[in-house]
Amino acid sequence: MRLWLLGAMAVATGALAQRSAEASLKLGLTAAAVTLGLILIGFMALRLRARTLNQASTDGVADFIAKDGTPSFIASTDRQVIYRNEAAQKQFGDGGGETLAQALRTHFSNPVGLLYRLQSRATASGNAREEVITRVGPVRISVHHVSADRLLWRIEPAPARAGPRATQDSMALPMVMVGRGGTILFMNEAARIFVGDRVKSLDRLFNSLPLTSGTVAEISTAQGNRQVLVAEVDAGANRRALYLLPPPDGGVSASELGWETFQDLPVPMIKLGPDGTVLAFNRMAAKLLGVSLRRGAHLSQLMEGLGRSISDWLNDSLAGRLVQKSEFLRLTRTDQEIFVQVSLNRISEGGEAALIAVLQDATELKSLEAQFVQSQKMQAIGQLAGGVAHDFNNLLTAISGHCDLLLLRHDQGDPDFSDLVQINQNANRAAALVGQLLAFSRKQTLRPETLDMRDTLADLTHLLNRLVGEKVTLTLSHDPVLAPIRADKRQLEQVLMNLVVNARDAMPAGGEIRILTEVTTLDQPLERDRVSVPAGRYVTVQVHDDGTGIPKDKLQKVFEPFFTTKRTGEGTGLGLSTAYGIVKQTGGFIFIDSELGRGTCFTLYFPVLEGQPHTVSRKTASQPDQGPLQRSDGVILLVEDEAPVRAFASRALRLRGYTVLEAESAEAALKMLEDQELDIDVFVTDVVMPGMDGPSWVRQALKQRPDVRVVFVSGYAEDNFGQEQSKIPNSVFLPKPFSLTDLTNTVHNQLH
């Protein structure tokens with residue numbers, strides 16, 4: 001019974017609690033609804049008040065401008081017209097529900113852009129104003145903020161200017177502004193008066209096109225055809241200004257326009273007497289020629305490089321015998337090198353002949369021409385070096401080879417042994433010199449591998465410290481995270497040694513050489529020294545010195561073979577040309593910056609090896625084994641067009657026990673192979689021969705003898721025929737000059 005009473009009480013208590021919670025929830029919802037309602041009523045009241053204030057402001061401004069004589073509009077921020085006064089209705093019409101741009105479209109060519117520009121400025125500063133040229137003349141349009149979302153626009157005539165409409169009109173010289181395609185964009189007042197009409201295109205003004213600045217052309221005017229001297233000036237944005245100057249021999253005389261009008265002309269001009277004496281010049285000519293330009297000076301004192309007497313050139317101009325309309329000359333200024341293109345035109349003043357020289361700054365053009373000539377010269381030297389190196393390699397192969405044969409028959413106690421060693425050593429030195437020529441012409445054989453520049457320099461540091469000596473300090477600084485590159489380590493070390501030796505020689509009293517390596521990322525192609533370095537990641541190596549520096553006129557020649565600033569006997573002039581060739585053949589770039597008395601910096605760019613390093617796809621001749629050679633068996637077909645090289649190679653191979661068959665040409669070799677019973681183990685063939693070349697006859701021979709191995713020899717680089725060799729199986733390359741051991745080891749490795 002007691003339990004039943006307790007349960008009933010618990011149920012009653014829960015019911016009461018539930019009713020209480022529901023009542024509280026209803027009360028909370030009611031309060032929230034009342035609050036939201038009050039907020040909404042307040043917001044609507046504020047908005048209504050703002051609208052009332054805006055309307056009041058608008059009505060006040062509208063009443064103020066209603067009878068104003070200046071056309072005025074009240075518009076919203078989205079440029080919808082809310083109100084226009086009587087003057088605006090009279091001038092622009094009483095359109096309903098239109099935008100301000102639509103209202104102004106009959107007078108303004110591009111009202112949308114103009115209105116947007118002015119409103120943006122008014123938003124920032126409260127008001128804005130601008131004068132523009134419209135179809136009815138110049139007007140001033142202004143805008144002011146009336147309220148938060150109301151703007152007052154006023155359009156009134158611009159006051160008359162005291163001066164001309166444009167700066168070009170202030171000149172007495174006729175001038176036309178020409179755009180792309182020959183459209184005449186503008187004619188100043190002098191040009192309109194001279195021509196007698198406003199012309200729209202060049203072909204309607206000039207009787208013959210194209211035009212050449214500094215020459216005489218014929219134009220059509222209201223008074224008939226007239227001769228003018230055309231002076232052209234670049235006005236930017238694909239525009240050019242053409243000045244119509246007094247022509248030679250007739251037309252408008254110089255005195256009619258007056259020489260004073262030439263002073264502000266943006267074209268350098270000089271008036272010369274018949275003998276070449278300067279009679280007058282304008283400001284642009286004085287700026288171009290410098291202080292040496294003065295009245296009474298002779299033209300020959302101002303410029304040079306014509307190739308003949310300037311007096312003869314002037315006489316031909318006066319007599320009308322000029323074949324070439326203009327000449328390129330170099331100014332005699334000592335502070336800087338400037339080239340000018342000069343056009344001479346004969347005029348007549350008071351019955352006396354004179355000359356007008358129209359000048360154009362051609363320094364950039366001549367600089368580009370000089371760079372092109374330099375590029376062509378470097379290419380020609382490279383081709384010459386490659387050809388000479390090939391012939392020398394054949395000679396050196398025969399010399400060093402036969403010297404090796406003689407050394408085999410003499411021991412160290414022989415009186416001739418030391419002489420033979422001297423011959424061999426000097427032949428090797430000559431071979432190294434030829435290798436430098438091949439490096440410059442980028443025709444040497446490279447053995448590229450994946451390199452870390454820090455490791456390469458670490459291995460080389462000891463040798464570099466010995467090279468620089470005690471007076472010079474060598475400092476190395478590396479990027480903490482240096483990317484790998486792909487290059488021939490031996491050749492790269494040669495480049496670094498050449499640069500360090502050059503830096504050392506530039507500091508005879510001692511100093512510091514700094515080598516810095518880092519990874520550089522080019523987001524845009526690097527344009528300098530007529531070279532474009534593609535965008536990408538590069539490992540850069542900089543070699544700085546504090547030496548004497550290199551004059552600017554010699555900077556472009558430092559990479560030429562045999563060019564050196566050292567005294568006779570101090571250098572061959574091949575160090576930098578070798579570095580240039582190796583870097584270029586590796587796929588890199590090399591630049592030089594130098595300043596007299598402050599030092600020189602060489603900067604090398606090597607492309608970063610992205611991804612996994614790849615191996616050379618074709619087989620190359622390995623380095624000769626240093627162990628003693630064993631006598632071998634095998635039949636060798638030796639094909640070489642150079643008789644001395646063939647004689648040495650055949651004797652060397654026979655001494656090692658091989659049977660050697662000789663052929664002086666590819667055709668003779670193929671004729672020999674027609675004997676099917678002839679068993680050949682290795683072809684040893686030159687690559688470049690008269691008639692059929694090495695790879696061609698080998699491919700033909702391998703059709704019948706596919707198992708024969710091949711050794712290609714050449715005085716040229718392997719890259720010259722690398723693609724051809726890669727298609728020939730079981731082939732290796734042996735560059736000339738090669739020694740007896742190089743040849744026999746290579747053949748031995750091919751057989752075994």
Side-chain angles (χ1 to χ4, degrees), residues 428-429 431-433 435-436 438-440 442 444-507 511-520 537-545 571 574-591 600-616 620-626 718 735 742:
N428 290 334
R429 287 182 59 191
L433 189 65
Q436 289 181 305
L438 281 173
F440 169 75
R442 286 172 261 170
Q444 64 175 340
T445 300
L446 296 181
R447 301 287 182 234
E449 57 183 298
T450 302
L451 298 177
D452 187 310
M453 190 59 69
R454 288 172 299 189
D455 297 338
T456 302
L457 282 169
D459 296 340
L460 198 60
T461 301
H462 180 66
L463 177 58
L464 293 179
N465 279 319
R466 290 177 56 191
L467 285 174
V468 299
E470 297 179 355
K471 293 183 179 180
V472 178
T473 304
L474 182 66
T475 305
L476 279 74
S477 177
H478 298 297
D479 193 320
V481 183
L482 208 58
I485 63 173
R486 187 166 176 79
D488 187 317
K489 182 178 180 180
R490 181 175 59 86
Q491 300 290 349
L492 186 56
E493 290 174 346
Q494 181 69 39
V495 170
L496 295 171
M497 285 191 294
N498 287 348
L499 295 180
V500 168
V501 168
N502 261 13
R504 178 204 66 190
D505 293 342
M507 299 184 294
E512 182 184 11
I513 299 175
R514 300 176 300 281
I515 302 179
L516 288 77
T517 61
E518 62 180 351
V519 176
T520 302
R537 297 177 67 225
Y538 294 86
V539 172
T540 61
V541 182
Q542 292 184 334
V543 181
H544 296 262
D545 68 64
L574 284 173
L576 291 180
S577 63
T578 301
Y580 172 87
I582 293 173
V583 171
K584 287 292 186 180
Q585 194 172 356
T586 306
F589 301 86
I590 181 169
F591 301 108
T600 302
C601 175
F602 286 91
T603 305
L604 285 66
Y605 286 79
F606 295 102
V608 168
L609 180 61
E610 305 288 355
Q612 295 297 325
H614 60 279
T615 57
V616 181
T620 57
S622 60
Q623 292 294 328
D625 298 328
Q626 298 302 319
E718 181 181 5
D742 294 337

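Just so you know, residue 1 is the first one in the sequence shown, and it goes up from there.
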- Query: Hey, is the main chain of Q491 close enough, under 3.5 Å, to the side chain of D488 for a donor-acceptor pair?
  - Reply: yes
- Item | Non-hydrogen side-chain atoms of K584 and F589 separated by less than 4.5 Å | yes
- Message: How close do A483 and V608 get, counting heavy atoms only, and between which atoms?
- Response: CB-CG1, 3.5 Å
- Item | Taking every non-hydrogen atom, the tightest pair across T517 and L457 | CG2-CD1, 3.7 Å
- Query: Are L460 and L496 close enough that some pair of their side-chain heavy atoms sits under 4.5 Å apart?
  - Reply: yes
- Side chains of L609 and I485: does their closest heavy-atom pair fall under 4.5 Å? no
- Query: Given V519 and V481, is the side-chain contact (heavy atoms from CB on, under 4.5 Å) satisfied, shown in steps?
  - Reply: CA-CA 8 Å; V519 176; V481 183; over 6 Å; no
- Within-4.5 Å side-chain heavy-atom neighbours: T461 and L476: yes
- Query: Got a second to check how far R486's CZ is from E449's CD, nearest 0.5 Å?
  - Reply: 8.5 Å
- Query: If only atom types and distance count, is the side chain of R454 paired as donor or acceptor with the main-chain N or O of P480 below 3.5 Å?
  - Reply: yes
- Within a strict 4.5 Å, meaning less than it, do heavy atoms of the T586 and L492 side chains meet? no
- Item | Taking every non-hydrogen atom, the tightest pair across I513 and A503 | CD1-CB, 3.7 Å
- Task: Working to the nearest 0.5 Å, report the span between OG1 of T520 and OH of Y538.
- Result: 10.5 Å
- Query: Does the distance from a Lys or Arg side-chain N to an Asp or Glu carboxylate O, for D545 and R504, drop under 4.0 Å?
  - Reply: no
- Note on the structure: Here the gap from D455 atom CG to L451 atom CG, rounded to the nearest 0.5 Å, amounts to 9.0 Å
- Query: Is there a side-chain contact between I515 and L474 (heavy atoms, below 4.5 Å)?
  - Reply: yes
- Item | Check: V543 and R514 side chains under 4.5 Å, non-hydrogen atoms | no
- Kindly say whether F591 contributes a backbone atom to a donor-acceptor pair with the side chain of T603 at under 3.5 angstrom? no
- Are the side chains of E512 and V472 in touch, meaning some heavy atoms are under 4.5 Å apart? no
- Before giving the answer on side chain to side chain donor-acceptor pair (under 3.5 Å), spell out for E493 and T456 the whole-Å C-alpha distance, their side-chain angles and the decisive distance to 0.1 Å. CA-CA 8 Å; E493 290 174 346; T456 302; over 6 Å; no
- Query: For T450 and P484, which heavy atoms make the closest approach, and how far apart are they?
  - Reply: CG2-CB, 3.9 Å
- Heavy atoms only: give me the nearest G588-P607 pair and the separation to one decimal. CA-CD, 4.2 Å
- Note on the structure: In this structure, CG of L467 is separated from NE2 of H462 (nearest 0.5 Å) by 10.0 Å
- Task: Heavy atoms only: give me the nearest C601-Q542 pair and the separation to one decimal.
- Result: SG-CB, 4.2 Å
- Can you check side-chain contact (heavy atoms from CB on, under 4.5 Å) on V583 and F606, steps first, answer last? CA-CA 8 Å; V583 171; F606 295 102; 4.2 Å; yes
